[in-house]
Protein chains: 2
Amino acid sequence: MSTIKDVAKLAGVAPSTVSRVIADSPKISKRTKERVKEIMDELGYYPNVHARNLVNKETNVIGVIMPSASYAPFQNPFFPEVLRGITAQANKDKYGLYLSTGQTEEGIMEEVKEMVYSRRVDGIILLYSTTSDPVIPFLLREKFPFVVIGRPPEDYKDVVSYVNNDNVKAAKMLTEYVLLLKHERIGFIGGRKDAYVTLDHKHGYEQALETAGIEVNPMYFVYHDEVFEGGEQAVIELMAQATPPTALVVADDLMALGVLRMLTSMGYRVPEDISVVSFNNVLMSELSAPPLTTMDIFIYELGFQAATLVREQIAAPPLAAQARIVGHKLVRRSSTSRRIIKESTP
Amino acid sequence: MSTIKDVAKLAGVAPSTVSRVIADSPKISKRTKERVKEIMDELGYYPNVHARNLVNKETNVIGVIMPSASYAPFQNPFFPEVLRGITAQANKDKYGLYLSTGQTEEGIMEEVKEMVYSRRVDGIILLYSTTSDPVIPFLLREKFPFVVIGRPPEDYKDVVSYVNNDNVKAAKMLTEYVLLLKHERIGFIGGRKDAYVTLDHKHGYEQALETAGIEVNPMYFVYHDEVFEGGEQAVIELMAQATPPTALVVADDLMALGVLRMLTSMGYRVPEDISVVSFNNVLMSELSAPPLTTMDIFIYELGFQAATLVREQIAAPPLAAQARIVGHKLVRRSSTSRRIIKESTP
DNA sequence: TTGTAAGCGTTATCAA
DNA sequence: TTGATAACGCTTACAA
């Protein structure tokens, strides 16, 4: 493994000159540049990143923090898809990606600390946002560049950069669509109760109902983790009631598949007996039976924008918090239909 | 940000002493250890990784190389699942994960070189294995610790460490299962033609047929990328024949969903008219209609073992190549049934 | 335009 | 048991 000194010696110049050639400094003559470069690939020289990072105090690496494996698990296609977006942008800018491996909330906090204090990364992308998470306050206190995907806690709204959808609006629209199909008893199956996205969904759902002049019925809310089983559970709880909903707004496609499955096993037909809508528009939502009507939230774009934003955070003088709102789009498929209003027996 | 010198000064000792405390050297008295440790967390001291990596010549980071985004895309739940396995093991050992972001084959090769030459990582896990890929020969030439998930090229079989399933056996078993259901015209839908796993599947399929005394019909092979659309395409090609297959062995669950979808749209019923089996047993295979009979290959375990192996490769004196074969298990669901033999009209 | 030398924050060797 | 000091490989004033 050759060092900058080897190159210098062979090229008959000083190490600093080689360094300047690497940096493509304009102060170096064309001739020497060429000679040095020749030697460099003759030797297959690559700069040692650690030496470099040590003096530069920057790493060109972005830390990506996954939610703890306990909730919102890797199963959910949401994560590969954001990662794909992040990756694409990072690659363009020659940034590397350092992935968190923590399995618990404490484990993750430790990792974040390590990333920050030991200067492992230049900036961080948080792939989740929950109400009580200690990571955001920490990063803020340290004035460390970071971006969260999702909505940050209200208190921090103006000081943290984030990329999000307008989940209130999206949920409102989704609910309104169901209302337009003449449904009135609409169940709401939320995700983790401490995730902001869940609060926002709920909010939008309520707004739509209120606007339509329909009373919000607390018996129609239920919260579960964003996994298949969560959907199954939710259905049991909601449909066991005396007057069960005729339509279901579900926080996540994966959950919705659970919902579908459970409904089917109970003998309900979708969409004839009951309509189902959900969020995310991941690949699977197209493949289910029936294909899901779902709200596309452009997950790839969320990742891509997040990566763009950290880069800006890293470059900029600190504290210029920015927000980016990614759009949403209703994808109509076959899990919804107009409510059949039964003739009242004469 | 405090350094080892700050700690030393405040504790009234030399930097080297602090360093020894960090390393928990037995030569340091209990008293000083305690005092130094106190100062350390008073200052919130964390060692600078780059300084450390620079002198230690090791990073405690594992590089993870994804296949180029062009084929075998992130869509496929295979990747999150291996990653989950890798993550779990890496986390236990306090190893970090550095993710490749390359989108093209050349881009990836560049990244690998950079990881190796600039000493960014201690070892590498390759998440794919194709016939002509330049990465494996490169890593071998550099004597760099690495593990491939999948089967390495024949020539390197004894010199590279890998984790794999016995895909020949698995494919044979899967085909035999279909044969036992009395099918005789069995189509084979392979993945990328230059992936070893595809060759192995094909091989196992042929073995099963030969053993059963059934002629291998080249009209019944078809290869496509492991994506939904690949499955759809394949069905068109296979079913357009004069005597189409009555059962299909499909390389991947995701593809199989495409197969299912296309068959359904053509008016075939699965499994009544045609049986479908596939590989991987990813979550979706359980959720499809009908749920897929598929070969579980324990993807999480593949990742976990790969991480274990790189660690050993890193620790060991070079060149002690090891192989680890992970099991497989047939998961019977509802996409298969006994062939209905039509009475010949008298 | 180039070279010299100091410094980045650690660890390891050698003395004390 | 501890302290000085030289290295690790690079960048960047400052000099030439």
Side-chain angles (χ1 to χ4, degrees), chain A residues 1-40 43-61 96 113-122, chain B residues 1-40 43-61 94 96 114-122:
Chain A
M1 196 87 309
S2 51
T3 75
I4 204 172
K5 285 180 187 165
D6 302 327
V7 177
K9 201 164 290 172
L10 256 171
V13 298
S16 49
T17 301
V18 179
S19 176
R20 286 187 265 254
V21 171
I22 295 171
D24 198 27
S25 155
K27 319 175 119 186
I28 297 293
S29 78
K30 216 166 181 179
R31 259 175 45 85
T32 31
K33 256 187 201 173
E34 274 165 17
R35 200 168 71 257
V36 170
K37 274 183 186 158
E38 237 165 56
I39 305 283
M40 285 192 343
L43 290 184
Y45 168 77
Y46 268 68
N48 178 309
V49 282
H50 305 115
R52 185 174 256 206
N53 292 166
L54 184 56
V55 1
N56 285 341
K57 277 130 177 35
E58 61 164 36
T59 62
N60 284 335
V61 174
K113 274 189 178 163
E114 204 266 351
M115 286 190 200
V116 171
Y117 286 140
S118 63
R119 301 266 100 119
R120 211 181 259 288
V121 301
D122 290 343
Chain B
M1 197 87 308
S2 52
T3 75
I4 204 172
K5 285 180 188 165
D6 302 327
V7 177
K9 200 165 291 173
L10 256 173
V13 297
S16 47
T17 301
V18 178
S19 176
R20 285 188 266 252
V21 172
I22 295 169
D24 199 27
S25 154
K27 318 174 118 186
I28 298 293
S29 77
K30 217 167 180 177
R31 258 175 46 86
T32 30
K33 256 187 200 172
E34 274 164 17
R35 198 167 74 255
V36 170
K37 274 183 186 158
E38 238 166 55
I39 304 283
M40 285 193 340
L43 290 183
Y45 169 77
Y46 267 68
N48 179 309
V49 281
H50 305 115
R52 187 174 253 203
N53 292 167
L54 183 55
V55 0
N56 284 342
K57 275 130 177 38
E58 63 164 36
T59 63
N60 283 333
V61 174
K94 305 262 171 218
E114 205 266 350
M115 287 190 199
V116 171
Y117 287 140
S118 63
R119 302 266 97 118
R120 209 181 261 288
V121 301
D122 291 341

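In the text below, chain A, chain B and the rest are named by the order of the sequence lines, each starting its count at 1.
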For this session: Taking only the side-chain nitrogens and oxygens of B/Arg52, find out if one of them lies under 4.0 Å from OP1 or OP2 of C/dT11.
Result: yes

For this session: Figure out the CG/P separation between A/Asn60 and D/dT11, and round it to whole Å.
Result: 12 Å

For this session: Would you tell me if any nitrogen or oxygen in the side chain of B/Lys57 comes within less than 4.0 Å of OP1 or OP2 on D/dG9?
Result: yes

Problem set entry | Touch class at under 4.0 angstrom, heavy-atom based, for B/Leu54 against every strand present | base

Problem set entry | Value in whole Å for how far the C1' atom of C/dC8 lies from CG of A/Asn48 | 13 Å

For this session: Give A/Asn56 one of three labels, base, sugar-phosphate or nothing, depending on what nucleic acid heavy atoms sit under 4.0 Å from its own.
Result: sugar-phosphate

Exercise. Do the side-chain N or O atoms of A/Thr3 get closer than 4.0 angstrom to the phosphate oxygens (OP1, OP2) of D/dC8?
Worked result: no

Seminar exercise, completed: Among the nucleotides D/dT11, D/dG9, D/dC8, whichever has the atom closest to the side chain of B/Val55 is D/dC8

For this session: For the residue pair A/Thr59 and A/Asp122, confirm or rule out a side-chain donor-acceptor distance under 3.5 Å.
Result: yes

Exercise. To the nearest angstrom, how far is B/Glu58 atom CD from C/dA12 atom C1'?
Worked result: 14 Å

Exercise. Do A/Arg119 side-chain and C/dG9 base share a donor-acceptor contact under 3.5 Å?
Worked result: no

Problem set entry | Greater than 12 external heavy atoms within 6.0 Å of A/Lys33's NZ | yes

For this session: Select one nucleotide: of C/dT1, C/dT4, D/dA4, the one nearest the side-chain heavy atoms of B/Ser16.
Result: D/dA4

Exercise. What does B/Val13 touch in the nucleic acid at a heavy-atom separation under 4.0 angstrom: a base, only the sugar-phosphate, or nothing?
Worked result: sugar-phosphate

Seminar exercise, completed: Separation of D/dG3 atom P from B/Lys27 atom NZ, nearest Å, is 14 Å

For this session: Give one of base, sugar-phosphate or nothing for B/Ser29, where a contact means two heavy atoms less than 4.0 Å apart.
Result: sugar-phosphate

Problem set entry | N/O (side chain, A/Tyr117) to phosphate O (OP1/OP2, C/dG9) under 4.0 Å | no

For this session: Please confirm whether any donor atom in the side chain of B/Thr32 sits under 3.5 Å from an acceptor in the base of D/dT1, or the reverse.
Result: no

Exercise. Between B/Tyr45 and C/dT10, is there a side-chain N or O to OP1/OP2 distance below 4.0 Å?
Worked result: yes

For this session: Verify the contact: side-chain N or O of A/Ser19 to OP1 or OP2 of D/dC10, cut-off strictly under 4.0 Å; return yes or no.
Result: no

Exercise. Starting at NZ of B/Lys33 and ending at P of D/dT2, how long is that distance when rounded to a whole Å?
Worked result: 10 Å

